[in-house]
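The structure under discussion appears below in the form of structure tokens.
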Amino acid sequence: MVDLNALTRANADRWAKAKLTREAEFTKPARVAVANKGRYLAIARSAGMPDIAWVFIAVSHYRESSQDFSRSLAQGDPWNRVSTHIPAGRGPFQSFEDAAVDALVKCSPYAARLKDWSIGGMLTNLERFNGVGYANKGVPSAYVWSGTDQYKSGKYVADGVYDPNKVDAQLGVAGLIMVMMELDPSIKFDGPAPQIQPRPIEPAKEPVRDGMWLQNSLNRLGASPKLALDGIVGPSTRNAVRAFQLAAGIGVDGLVGPETFAALDKALAAGKPVPTMPVPPDIVLPPPGTQAHADLAPTFWGRVLDLFKPKVH
């Protein structure tokens, strides 16, 4: 039996001493987490948790499902199917939010009931969410401390199977919280958070259709190459949208309006990848004054450029 009070003190002490050893790797997932703060905060409030618990949800989402909103917070299984990994038999759900509230309220360690949201308490709550196998062995948890100097090696490579020489390639939640705090100064751990009764909000009946949702949807429908889940609708995402539009037989413009949303919903409901053909990326012409621009002059594109040259009066 793990002494949770002792584990909380140990994690608080490690936090005070910890230094990042893979700092550059933390930046991207930290930015994604902070960019989705509103979504995580809504889940925390729906589960009846204090606002600081959004951090718990954000970093758990990274560890459990690599920040993929098509996967459940509980164990990384698709939330629109019955889960097969522990906790098994959950779902299917209507949305990521519904699945997350279920994981926090109805699945061990029943995170929605936790009371200590100091940094030591937060880290111990996260360790319990993953399992206290590391604490039973008296070693720092890879789930919490990977990517910091508080962790050297040791990882559960399967349920109940511990390899003391295995180094966890995935980053730990403690270092992720450190970098998130740099990006969002409102994240503070000054002691136990006041246990207020936050105003519950109803989970959205429709998924939040942001950049992350779009990238997740396109990936699920067979986008090739797979899109980075950064929430930024840049050239790669627009190119994937055009490929989907072409396959769906709708207007091809790389923009996501009502027609494209409807086609995405229909394809996602079918649950099958959409066969797509590669679409050429956006054409970027060399700037005037460069040799590459001069080399275009005798070509077709050079003549096109001539058509759009500013007129001299």
Side-chain angles (χ1 to χ4, degrees), residues 8 11-12 15 26-76 79 93 95-107 109-130 143-144 170-204 207-213 216 229-231:
T8 299
N11 277 327
W15 173 268
F26 282 103
T27 302
K28 182 176 178 180
R31 286 176 175 167
V32 173
V34 171
N36 286 282
K37 177 178 178 177
R39 198 165 182 179
Y40 297 130
L41 184 58
I43 293 167
R45 291 175 175 174
S46 293
M49 302 168 78
D51 283 359
I52 191 63
W54 82 264
V55 177
F56 176 100
I57 297 166
V59 297
S60 298
H61 189 207
Y62 164 76
R63 282 293 307 200
E64 298 296 336
S65 46
S66 301
Q67 297 176 312
D68 186 341
F69 281 96
S70 70
R71 302 276 172 172
S72 175
L73 183 70
Q75 71 297 81
W79 49 256
F93 299 98
S95 67
F96 172 80
E97 284 76 5
D98 289 348
V101 171
D102 179 82
L104 297 165
V105 174
K106 297 181 179 179
C107 300
Y110 308 101
R113 303 179 190 175
L114 301 175
K115 301 299 182 185
D116 183 359
W117 294 98
S118 65
I119 188 58
M122 170 79 79
L123 296 174
T124 299
N125 293 342
L126 286 159
E127 187 163 348
R128 291 177 66 195
F129 194 69
N130 174 245
Y143 189 92
V144 177
Q170 195 175 9
L171 300 169
V173 295
L176 184 53
I177 292 172
M178 291 179 191
V179 179
M180 287 169 62
M181 291 176 73
E182 293 178 3
L183 299 174
D184 182 354
S186 73
I187 302 173
K188 297 183 184 298
F189 300 97
D190 297 327
Q195 292 302 306
I196 59 172
Q197 291 298 322
R199 177 178 61 85
I201 64 173
E202 293 295 326
V208 177
R209 296 175 184 270
D210 55 10
M212 189 76 71
W213 176 89
N216 266 315
L229 300 177
D230 57 11

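Values in this document were obtained by computation on a predicted structure and should not be read as measured data.
Under the rule for a ring-ring contact (aromatic ring centres under 6.0 Å, His included), the partners of F56 that lie at least two apart in sequence or sit in another chain are W117, F129. Legend: residues meeting salt bridge (charged side-chain N to carboxylate O under 4.0 Å, His left out) with D68, ordered by chain and number and at least two apart, are absent.
Looking only at side-chain heavy atoms (C-beta outward), N36 and Q67 stay at 4.5 Å or farther from each other. Residues L171 and L176 fail the side-chain proximity criterion, which asks for heavy atoms closer than 4.5 Å. Residues S60 and L126 have side chains in contact (heavy-atom distance under 4.5 Å, counting atoms from C-beta outward). In this structure, F96 and I43 have side chains that are in contact, with non-hydrogen atoms separated by less than 4.5 Å. Counting only heavy atoms from C-beta outward, the side chains of T8 and D116 approach each other to under 4.5 Å. The shortest distance between side-chain heavy atoms of C107 and D102 falls below 4.5 Å. The shortest distance between side-chain heavy atoms of M180 and V55 falls below 4.5 Å. Side-chain contact between W54 and R45 is absent, with no heavy-atom pair separated by less than 4.5 Å.
Remark: I57 CD1 to K37 NZ distance equals 12.5 Å, nearest 0.5 Å. In this structure, CE in M49 is found 10.5 Å from NZ in K115, a value given to the nearest 0.5 Å. Put simply, CZ on F69 and CG on N216 are 7.5 Å apart, with the number rounded to the nearest 0.5 Å.
Heavy-atom minimum distance, A74 versus E64: O-OE1, 3.7 Å. Between A30 and V179 the shortest heavy-atom distance is CB-CG1, 3.6 Å. Here the shortest heavy-atom pairing between E97 and R39 reads OE2-NE, 2.6 Å. Taking all atoms of both residues into account, the shortest heavy-atom contact from R71 to S65 is CB-CB, 3.4 Å. Considering all non-hydrogen atoms of both residues, K188 and I52 come closest at O-CD1, 3.9 Å. The shortest non-hydrogen separation linking A33 to A58 is CB-CB, 4.1 Å.
With hydrogens and angles ignored, the 3.5 Å screen pairs no side-chain donor or acceptor of W79 with any backbone N or O of A100.
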Applying side chain to side chain contact (heavy atoms under 4.5 Å, CB included), run through F26 and M178 and close with a yes or a no. CA-CA 9 Å; F26 282 103; M178 291 179 191; over 6 Å; no
Taking it one step at a time, do V173 and Y62 satisfy side chain to side chain contact (heavy atoms under 4.5 Å, CB included)? CA-CA 8 Å; V173 295; Y62 164 76; 5.5 Å; no
